[in-house]
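Have a look at the structure below before the remarks.
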Amino acid sequence: MADSLLLFKRGPSRSTWLRARKARPHLILSYRPRRRLGRLRWRGRRRFRRRLLQAQAAGADWREGCCLVSRSAAPRRPKTAAPSPRPAEDPAPSCSALLPIPPVRSAGSGRAVLLLPLGQGFTFSGICRVTCLYGQVQVFGFTISQGQPAQNVFSTYTHSRLTINAVHYSVHEKSKKEMKREARSLLRSYLNQDDRYCLMKNFSPLCSILLLERLKTSTVNFIISHPGLSYIFVQEIPTFQINSEYFALKSVGIRRERKKNGLRLTESAFSVMDELVSVSCEEADGCPVILVCGSQDIGKSTFVRYLINQLLNSISCIDYLECDLGQTEFTPPGCISLLNVTEPVLGPPFTHQRTPQKMVYYGKPSCKNNFENYIEIIKYVFSSYKRESPLIVNTMGWVADQGLLLLIDLIRLLSPSHVVQFSSDRGRYMPDLSPSYVDDMDGLYTKSTSKVRNRGFHLAEFADNLEFADEEKENPVLFTGYKLMSVKSEFVSGKTPRNRESHNKVLRELAVLSYLGQLQPPVPKPLCPLHGLTPYQVPFNAVALRIIHADVAPTHILYAVNASWVGLCKILDDVRGHAHGPILLAQTPICDCLGFGICRGIDMEKRLYHILTPVPPEELRNVNCLLVGTISIPQCVLKSQRGLEGTIPYITTDYNFKLPGASEKIGAREIEETRKEKVHPKPKFYRKTN
């Protein structure tokens, strides 16, 4: 393969050609490239290696004389010219067996066409927009057919890589010639004649053709604008194969990955999903309540996303109840929410932040030491479930000791029809949560019982605060128990007990950054730093304040609120009767959370809060309460904004951890060494923007 480039290392008493063959034994180079490599001396080989690396980074080729020439500017050599070691634009049919399959052809700037034979997949990393031009493919369980809208796909380095698989589709008695003619006519708008000819040589019945386009969103641009976060979507990894496919995929913003790096589910997971999809599509039992449980880092969230996409292939919407405070799927961390999902989830949580129909801000990534409030919030949110579509319940990965008892309480409270339990040889032991086991076990707040469950909840301790429609009170739906479905997981996580907390913290910060990305103008407009946006001015006497995670003296309450992540909530009490403020709440209310924002500054003279939030103004009129928890603003937001001059507000290197409330015993902020940069609680105000 003359289109493969080699990088060499110096080795004593070995010829250049032998070392090249040992490094890449499957390469077959002609006599002329071998003679050229053999004539290079040590300095020449260093120069040659440096130029190859420059070509790889700049997206250029090396041609005669080892010179860097642009692909577009390189003149086409006549047929009588001597062959040169360069990447072939159109490989010969005899070399097609050596090319990676499926083939990829460039379709202009930022676009590429991919042909997928039936049964083959394309594993990649990066982000792109996928359109099915011909046939049918499946991504993360969601089926994309010809004529359907394009889908944004996010295959990030924080999670397993995604794979686009060609799947079987029905053909209405067409011959291979007719199918080939139809596919060729669809490609005329994207490829020239030579590329169409090369691509159609690999055409086979029931294959699929995709258009991959470069994807740019304001949220992604905002995340990668912070130092150290650009690697999440794109990584410049040195490669030895620089050919036409490499440049075509690079223009889209993706790169091919090995199949072993892709997402893999076990047979038990697929069989459970097939049964759940079948049950959800039945008219009699069309609204099952599916509760997913298991230990940490075992693949629950991945299974839930795949199941949502599988269900959306058959039904129009699914309800989703989030009970995992630390790793939320559609909202910033620390929330319990109920959502109606109508679009597929083709990426990690920080790529699809959405507005729920019901949300309560718990304020912490864990419910330890406050189980009762956690249960009460779930009861409050679950009461909004209309039972018009299937419900998927995602639970925490804490299944030991009190966590297991809390899970038993949730099963009794939510009365699921199906419980999907994950287990692994490497995970923490967890007993089988069969109906008989749950009946015989005491929870944290419930006692063992063998009563028949129903939607009215015979348990008196849960029945008080739940509201149901009148027809459901008169004719409750009886449940004789739930079906336990076991999934044997072989999910391999890169987390260890030592780095698990730091890894989860990064994911939580990415969710916060994704939410703040909604403040940015749509592409192609440039990004605007947060300190350049105009905040809302909120009078002290218009909203009440509450610090969720700690008892703060009234004289220090504004120090805690300033430069903090705040939940914008709506309580039933009227708080406008006070003259000045600030208005302090004695207890944390269970109330609707309409969104989140940053308290960017406090004007003590005019008695105003400066709130920066993407919540629309019509929703902000209903906000009358600000809740502050342990979920903090990512430090990269404070330290890495563009355009800041002089001393950065809220940042100090002189911090005393001996002060009350300065350690993580009160909050969830991680303790750092004294001389490291730390968010300072003392209010230093930004200049008010006009």
Side-chain angles (χ1 to χ4, degrees), residues 56-59 100-116 120-133 137-142 144 150-166 190 208-264 302 305 309 344-353 494 506-507 510 513-514 517 523-524 527:
Q56 177 180 335
I101 295 178
V104 179
R105 309 303 298 177
S106 176
S109 177
R111 299 198 303 180
V113 175
L114 169 67
L115 187 143
L116 276 176
Q120 291 197 11
F122 174 72
T123 304
F124 70 100
S125 59
I127 59 176
C128 65
R129 191 171 178 84
V130 179
T131 305
C132 186
L133 301 178
V137 296
Q138 193 173 86
V139 186
F140 211 175
F142 183 74
I144 307 175
Q151 297 292 336
N152 297 338
V153 182
F154 302 85
S155 181
T156 65
Y157 286 88
T158 56
H159 295 71
S160 298
R161 315 300 183 267
L162 299 186
T163 302
I164 304 176
N165 294 301
Y190 306 100
S208 300
I209 301 177
L210 302 177
L211 176 64
L212 309 178
E213 299 177 277
R214 191 175 189 89
L215 176 62
K216 290 184 178 181
T217 65
S218 56
T219 299
V220 171
N221 292 341
F222 178 73
I223 292 177
I224 65 178
S225 66
H226 296 86
L229 296 182
S230 60
Y231 75 93
I232 294 173
F233 300 103
V234 179
Q235 288 189 7
E236 290 294 336
I237 301 177
T239 180
F240 291 91
Q241 290 188 349
I242 303 181
N243 48 26
S244 58
E245 177 194 287
Y246 170 81
F247 288 107
L249 296 180
K250 185 177 180 180
S251 66
V252 178
I254 62 177
R255 60 177 291 119
R256 184 189 291 271
E257 295 281 350
R258 295 181 179 179
K259 187 177 180 180
K260 66 178 184 179
N261 296 333
L263 175 66
R264 290 176 292 179
T302 302
R305 295 185 205 112
N309 294 334
V345 286
L346 302 177
F350 55 86
T351 61
H352 48 252
Q353 294 287 295
V506 171
L507 295 180
L510 287 173
L513 289 175
S514 177
V523 291
L527 293 177

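The structure displayed is predicted, hence computed values, not measured ones.
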Query raised in the report: Do R161 and N261 meet the criterion of a side-chain donor-acceptor pair at a distance under 3.5 Å?
Result: no

Report task. State whether the number of non-hydrogen atoms from other residues, nucleotides or ligands found under 6.0 Å of R214 atom CZ is greater than 12. Result -> yes

Requested in this report: Answer yes or no: is there a side-chain heavy-atom contact under 4.5 Å between Y157 and V234?
Outcome: no

Query - Exercise: identify the closest heavy-atom pair between T156 and P348 - result: OG1-CG, 3.5 Å

Query raised in the report: So, E257 versus S125: side-chain donor-acceptor pair below 3.5 Å or not?
Result: yes

Query raised in the report: Roughly how far apart are F350 CZ and L229 CG, rounded to 0.5 Å?
Result: 9.5 Å

Query raised in the report: Any side-chain heavy atom of E245 sitting closer than 4.5 Å to one from S106?
Result: no

**Report entry** Distance (rounded to the nearest 0.5 Å) between T123 OG1 and I164 CD1
**Finding:** 9.0 Å

Requested in this report: Determine whether L210 and L133 make a side-chain contact, defined as any pair of heavy atoms from C-beta on separated by less than 4.5 Å.
Outcome: no

Query raised in the report: What residues, two or more places apart in sequence or in another chain, satisfy ring pair (Phe, Tyr, Trp, His ring centres under 6.0 Å) together with F222?
Result: H226

**Report entry** Between CG on residue N152 and NZ on residue K216, distance to nearest 0.5 Å
**Finding:** 14.0 Å

Query - Minimum-distance pair of heavy atoms, taken over all atoms of A166 and V137 - result: CA-CG1, 4.2 Å

Query raised in the report: Can you tell if the side chain of V220 reaches within under 4.5 Å of the side chain of I127, non-hydrogen atoms only?
Result: yes

Query - Check: V139 main-chain N/O paired with N165 side-chain donor or acceptor under 3.5 Å - result: no

Requested in this report: Could you tell me the separation between the CG atom of L162 and the CD1 atom of I254, rounded to the nearest 0.5 Å?
Outcome: 11.0 Å

Report summary line: Rounding to 0.5 Å, atoms OG1 (T302) and NE2 (H159) come to a distance of 6.5 Å

Query raised in the report: Quick one: does P349's side chain get under 4.5 Å of R305's, heavy atoms only?
Result: yes

Query - Trace of the side-chain contact (heavy atoms from CB on, under 4.5 Å) decision for Q151 with C132 - result: CA-CA 9 Å; Q151 297 292 336; C132 186; over 6 Å; no

**Report entry** Residues in side-chain contact (heavy atoms from CB on, under 4.5 Å) contact with T219, at least two apart in sequence or another chain
**Finding:** T217, I223, S514

Query raised in the report: For L212, does its backbone N or O pair with a side-chain atom of R129 as donor and acceptor, under 3.5 Å?
Result: no

**Report entry** ring pair (Phe, Tyr, Trp, His ring centres under 6.0 Å) involving F124 - partner list, sequence neighbours excluded
**Finding:** F122

Report summary line: Here the pair of heavy atoms bringing L527 nearest to S218 is CD2-O, 4.0 Å

Report task. Flag the pair F140 / P344 as yes when at least one side-chain heavy-atom distance between them is below 4.5 Å, and no otherwise. Result -> no

**Report entry** Atom pair NE2 (H352) and CZ (F154), whose distance is rounded to the nearest 0.5 Å
**Finding:** 9.5 Å

**Report entry** Heavy-atom pair with the smallest gap, counting every atom of L116 and G121
**Finding:** CD2-C, 4.0 Å

Query raised in the report: Do S230 side-chain atoms and I224 backbone N/O form a donor-acceptor pair below 3.5 Å?
Result: no

Requested in this report: Would you check if V104 and V113 make a side-chain contact, meaning some heavy-atom pair closer than 4.5 Å?
Outcome: no

